[in-house]
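Have a look at the structure below before the remarks.
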Amino acid sequence: MPAHMFSVMADMPRLRALATRHGLRLIEDSAVAQGAVLDGRPAGTWGDAGVFSFVQVKSFGGPGEGGVVVTDDPELARTVRMLRNHGQDGTHRFRHHLIGLNSRFDEILAAFQLRRHPGLARRLARRAEIAAHYTERFTPLAAHGVRPPPPGTNGRCYYVYTLLAERRDDLKRHLAAHGVDSHVYYPQPLPHQPAFAHAAAPDGHWPNAERAARQCLSLPVYPHLTDAQVERITEAVRTFPT
């Protein structure tokens, strides 16, 4: 179950080939990749199923909780519909074919999302515009330990805009002093989390995940930022003492 994170989609062509070669189900966590496209194929459509989140802070967030599963497998779709409704098939009430959940997406939230949907492309385009500006201005900082994500829009999902900074905590304090909020997603890799530690080798070492957890810092990229605000954030990063 690959997850698209930190502004960049996972390497879905390789993961699709790997799953096919070994006969594995491929479930694509696209919660933060709404609208992203990789090699002409939208996020959420590379696997047997794709999952999206509509929680408030997402690119296509709503006023409450919710999400959607997309699939072109009719049997899998039928199973998902039952799982969201206490295992009922939607025809025979109180007959439970599976042990399911109460995960129905109610009509009021659905109506809200339908009303917002026409503006989604415009909001995503604004996010991409802001991200392109950041990347262009931050690329020279790589020599000083601040690396932006790769440029371009192929496989990009600007729910967040995440830098890698060798002195991440110092940069975060510097931005706060200049009135710019920033956020760390996620401070610990999964093997260090109590819920997953039992499944990790006691002497295991995950250098890429651990380095990302130490260095990642996300900047504001929401589409309602003005050009002046974007420039203020840009200059705050660029004036970070190296």
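More than 12 heavy atoms of other residues, nucleotides or ligands sit less than 6.0 Å from atom CG of Leu114. Taking a 6.0 Å sphere around NE2 of His117, one finds it holds 12 or fewer heavy atoms contributed by other residues, nucleotides or ligands.
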Full working for side chain to side chain contact (heavy atoms under 4.5 Å, CB included) between Val237 and Leu219: CA-CA 10 Å; Val237 174; Leu219 304 179; 3.9 Å; yes
Full working for side chain to side chain contact (heavy atoms under 4.5 Å, CB included) between Ile233 and Leu225: CA-CA 10 Å; Ile233 295 164; Leu225 287 169; 4.2 Å; yes
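Among residue pairs with one or both ends in residues 75-99, those qualifying as salt bridge (charged side-chain N to carboxylate O under 4.0 Å, His left out) are Glu75-Arg78; sequence neighbours excluded.
Put simply, the side chain of Asn85 never gets that close to the backbone of Gly87: no donor and acceptor are under 3.5 Å apart. Here the side chain of Arg156 pairs no donor or acceptor atom with the backbone of Ser7 at under 3.5 angstrom. In this structure a side-chain-to-backbone donor-acceptor pair under 3.5 Å is present from Thr45 to Pro42. Using a distance-only test at 3.5 Å, with no hydrogens or angles considered, no donor-acceptor pair links the side chain of Gln56 to the main chain of Gly61. Looking at Asp48, its side chain does come within 3.5 Å of a backbone N or O of Leu26 through a donor-acceptor pair. Judged by distance alone, the side chain of Thr226 and the main-chain N or O of Gln229 form a donor-acceptor pair under 3.5 Å. Formation of a donor-acceptor pair under 3.5 Å by the Lys172 side chain with backbone atoms of Leu217 is not found in this model. A donor-acceptor contact shorter than 3.5 Å links the side chain of His4 to the backbone of Ala10. Side-chain N or O atoms of His178 include one that pairs as donor or acceptor with a backbone N or O of His174 at under 3.5 Å. Without hydrogens or angle criteria, Tyr161 side chain to Thr135 main chain gives a donor-acceptor distance under 3.5 Å.
Using cut-offs of 30° and 60° for the angle between ring planes, the Tyr186 and Phe6 rings count as tilted.
Across Phe112, Phe54, Phe52, a single residue satisfies ring pair (Phe, Tyr, Trp, His ring centres under 6.0 Å) together with Phe105, and that is Phe54.
His92 and Phe94 have their aromatic ring centers separated by at least 6.0 angstrom.
Looking at His144 and Glu166, their side chains never bring a donor and an acceptor atom within 3.5 Å of each other. For the residue pair Asn102/Arg104, the side-chain donor-acceptor check at 3.5 Å is satisfied. Looking at Ser59 and Tyr158, their side chains never bring a donor and an acceptor atom within 3.5 Å of each other.
Of all non-hydrogen atoms in Pro220 and Val180, the two that sit nearest each other are CD-CG1, 4.3 Å. What you find for Val221 and Ala131 is that their closest heavy atoms are CG2-N, 4.4 Å.
The side chain to side chain donor-acceptor pair (under 3.5 Å) search around His224 returns none, not counting sequence neighbours.
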